[in-house]
Amino acid sequence: MTSKRRPVLLADRDGTLIRDVPYLSRIDDVALLPGVGEAIARLNRAGVPVAIVTNQSGVARGYFPEEFVLETQVRIMELLDDAGARVDAFYYCPHLEPDERTRRDPGSVPHLLRSCDCRKPAPGLLLRALSDLSGDPAQSAIVGDADRDMRAGEAAGCGWGYRIVPEGETAAQGPRVTLVRSFFDAVELYLKRSEGKGSLER
Ligand SMILES: [Mg+2]
Ligand SMILES: [Zn+2]
């Protein structure tokens, strides 16, 4: 075994890999977005490990149990398997920051209502994935559909950030983030990264 560090692709889940359903809580609502299976299969063939990193504060809010998050992951892996693709690791944050609680949505699982190092934009999930998969942050990428995904990637030292912005919508384009239309487009750019632009590196 070598201790050589390698590139890892870190992917947000909702709105990035699967259809964004706010606080997804029915397994039948799990659907891969177009091109996701093919894109992950390409990463598999390129030898780039793929890890899902997802905020699931619906657990702390009491919308669904942690078991549902795991059940959803099993479903995602089945759908990917149908496309000949696989993800290598899965990480989620079940917490809710105290200052995010509202009167209407105060949260209902007391031990999860706390500050943590894993709710994006904190980098905890990404750092765990990079550590477990022997990832070199500078060669690794985060793909997500939210600013907090990009901030987590920056905090984890990711060399590349790809922010998905749907057609007809806009996002602040910074020098450290590449805007893309889909996960598929992000992967295509990442696999060609030596010629690409938009590195998070200064
Ligand atoms: Mg998302
Ligand atoms: Zn957390």
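Throughout, residue positions are numbered sequentially from 1 according to the sequence presented. Just follow the structure's listing: the first ligand is 1, and inside any ligand the first atom is 1.
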Just give me the atom name: the N, O or S atom of Asp12 closest to the Mg ion (ligand 1). OD2
Identify, by name, the N, O or S atom of Asp14 lying closest to the Mg ion (ligand 1). O
Closest approach of Thr16 to Val143 (non-hydrogen atoms, all atoms of both residues): CG2-O, 3.8 Å
So that I can tick it off, tell me whether Arg75 and Glu78 are bridged by a salt bridge, with the cut-off set at under 4.0 angstrom between side-chain N and carboxylate O. yes
Please determine if Arg151 and Asp147 form a salt bridge, counting it only when a charged side-chain N lies under 4.0 Å from a carboxylate O. yes
For the Zn ion (ligand 2), angle spanned by Cys116 SG and His95 ND1 (nearest 10°) is 100°
With respect to the Mg ion (ligand 1), what is the nearest N, O or S atom of Asp145? OD1
Has Arg181 got a side-chain atom pairing as donor or acceptor with Pro166's backbone, closer than 3.5 angstrom? yes
Working for side chain to side chain contact (heavy atoms under 4.5 Å, CB included), residues Leu189 and Tyr162: CA-CA 9 Å; Leu189 282 178; Tyr162 300 97; 3.8 Å; yes
Given the Zn ion (ligand 2) as the apex, I'd like the angle to SG of Cys118 and SG of Cys93, rounded to 10 degrees. 110°
